[in-house]
Number of protein chains: 2
Amino acid sequence: MLTDRQLLILQSIIEDYIQSAEPVGSRSISKKNSITFSPATIRNDMADLEELGFLEKTHSSSGRIPSQKAYRLYVDRLLLPYRFSEPEMNNIQSLFAGKILEAEEAVKETAGILSELTSYASIVLGPEMFESRLRQIQIVPIGKAAAVAVIVTDTGYVENHTVALPPSLEAGELEQITNILNERLRGIPLYQLQRALFSEVRDLLKKYVLNYEAALSFTEEALRKSRHEKIFYGGKTNLLNQPEFKDVDRVRALLELMEEEHLIHELLKPTMNGMTIRIGQENTNEAFEHCSIISATYSLAGKPVGTIGIVGPTRMEYQKVITLINHLSYGLSNVLDDLYRRDS
Amino acid sequence: MLTDRQLLILQSIIEDYIQSAEPVGSRSISKKNSITFSPATIRNDMADLEELGFLEKTHSSSGRIPSQKAYRLYVDRLLLPYRFSEPEMNNIQSLFAGKILEAEEAVKETAGILSELTSYASIVLGPEMFESRLRQIQIVPIGKAAAVAVIVTDTGYVENHTVALPPSLEAGELEQITNILNERLRGIPLYQLQRALFSEVRDLLKKYVLNYEAALSFTEEALRKSRHEKIFYGGKTNLLNQPEFKDVDRVRALLELMEEEHLIHELLKPTMNGMTIRIGQENTNEAFEHCSIISATYSLAGKPVGTIGIVGPTRMEYQKVITLINHLSYGLSNVLDDLYRRDS
DNA sequence: TGTTAGCACTCGTTTTACCCGAGTGCTAAA
DNA sequence: TTTAGCACTCGGGTAAAACGAGTGCTAACA
């Protein structure tokens, strides 16, 4: 229903506004190389575009700014492929070139690159290691009343927590429990550990350990699911450079929200593969009303295990960010697959 | 050299300004219950106090604001003991009442309480676990080219890093190395591990391991000192509520500085026991020019292992913060001592 | 001699009036 | 259908005026 000219004008306005953050007038559009029409013509189309909900005015005689609907159209239909500059490309390449030994390291680096190249804030979730399998468990007593349980997975992920030690448990028994666990649970995915504990280990414990009840609940605690997943941020302070965040209250709302890790996790947690673009109020949370969030999952062995994302103003460099996120989620998945595959 | 009345007036002005963040006039001081003099009298003393460098004017006919020197005097001589309210006290008590199993947990909680009760930002360093002793080391091969080294200390602290595995090393040898390390290095403080590796383990490796060179450097890497110490922040966004940080640029400088973990660590790292109060430009860093930082070490077995601190505007509730930090550093030290002592 | 009342003065803030100019909508001509 | 022309709108900037919180100083008072 939009004419080609209207689309062209809309695109020009959006791109101008993304650059300048100022309302765009008909005159400045008409001066562009790609545009051959007079300001008056453009004004007519602008009026139409406004009626259709793609443009807005800040006051009656101001230039136009793109509406959320316009950004949506832009992202869905008008996006041109983005080409990275030489140094940017080098930056990205080098991230995946160095030999990376730990998943967490790769993920942190990715968050850094993301924010560095975009001057927005980056959020990286995960990786969730539920799928990875138990390689070894070690239970080290610390004094009389506590022990540290250390779990190492086949992906090299280490998790540990301290557990209260039941007084009835003797040192020898602790060792025996460790042996049983290692023998019976090795190779089992983390998310199945609890289940496997009951099906595989319970009866053995009954057999070999005196105070079986206490031992079982102790073991269960030692294997309990890790705390909620980790979140890495990059360049939070970048947001303070954006003119839309010159208002302290808005910044505060945003930063406070980012401290709420469970909310952020809920918002971005990896579900289906692929990229998600949420523009302005498409984000349900009010603090993100003036933000867009572009996120994509990265995966391990084809299954999404984490998310990388960018938070910026709705006036965001969509092409650039989308391309970058694509690159990085792909690259990060590869790195993880390499880390994982080293086991076979 | 200051009369009692001048001191009283100075104190009133400081406390008023701490509350209001606005220049304080002679009239408002004279209205206080504790003050019986007329505005004119107060103005005279104010003029004297200004000459002496304790007060400043924002412009020629404004009220006075305390100078940095005034805060210093206030902190050194005028401070009254602060009494916490019932709920505040409960909050603090409950922090140390619950059974805490991990040092890191205690430290994080402390950061939370600090910022919650003060509405400033809290910074908590450490704890540095260099003093704690190796309890157990486990080296778990992950595929062919890498291994995860997990170190558990007698304080229940777990550290792990992934290390590239020299191709020459065989599985059996890896096990042997682990055994040697556990046998020889148990009980040695972390900071001496590298040294002990050479004095205690080197020759044994030579004897039992084929490619001795590679094994040694691998082991050295596995035992390498942890990354720089951890920093926990609480309530960073609290700062945005303070009127002195309504200016985005100032906030940005502050938040950016806080991302520079090595600088923060350098600034606050635990040295001698006790409390440090740095007011305004007493902080060397420019971004802290309008801040005061109050910090105190907490200790383990009498040795300082970490720092808890508060960052707020120079116009800070000194009594309250000082009292709180004293409480918490004392309490945290106790918790750590309890955690530590469980080993004996 | 120390304290206070009185008063003129200062200066940042707020209010008002005004102008400027970027940008619009509409109309009529090309 | 496009464009030129023109009156109109309104935010932003500037200058002048009014306001008021607060000061410094002087003179009177206890």
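Predicted model only: the values in this text are computed from it and were never measured.
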Do [X] and [Y] come close enough that some side-chain heavy atom pair is under 4.5 Å?
{"X": "Leu255(B)", "Y": "Lys236(A)", "value": "no"}
{"X": "Ile293(A)", "Y": "Leu268(A)", "value": "yes"}
{"X": "Phe84(A)", "Y": "Thr323(A)", "value": "yes"}
{"X": "Arg64(A)", "Y": "Tyr17(A)", "value": "no"}

With B for base contact, S for sugar-phosphate-only contact and - for none (protein heavy atoms under 4.0 Å), nucleotides 13-30 of chain C reads ----------BBB-----
Taking atom [atom2] of [N] as reference, at what distance in whole Å does atom [atom1] of [X] sit?
{"X": "Ile42(B)", "N": "dA5(C)", "atom1": "CD1", "atom2": "P", "result": "11 Å"}
{"X": "Asp4(B)", "N": "dG2(C)", "atom1": "CG", "atom2": "C1'", "result": "15 Å"}
{"X": "Phe37(B)", "N": "dG2(C)", "atom1": "CZ", "atom2": "C1'", "result": "12 Å"}

Sorted by number, residues from residues 8-21 of chain A placing a heavy atom under 4.0 Å from DNA chain D are none
Do Arg315(B) side-chain atoms and Ile18(B) backbone N/O form a donor-acceptor pair below 3.5 Å?
yes
### Message
If we ignore hydrogens and angles and just use 3.5 Å, is the side chain of Ser20(B) paired with the main-chain N or O of Asp16(B) as donor and acceptor?
### Response
yes
Establish, with yes or no, whether the OP1 or OP2 oxygen of dT4(C) is under 4.0 angstrom from a side-chain nitrogen or oxygen of Ser38(B).
-> yes
Would you say Tyr82(A) has more than 12 foreign heavy atoms packed within less than 6.0 Å of its OH?
yes
Taking dT3(D), dC10(D), dG12(C) as options, the one with an atom nearest any side-chain atom of His59(A) is dC10(D)
Angle between ring planes, Tyr318(A) versus Tyr71(A), binned at 30° and 60°: parallel, tilted or perpendicular? tilted
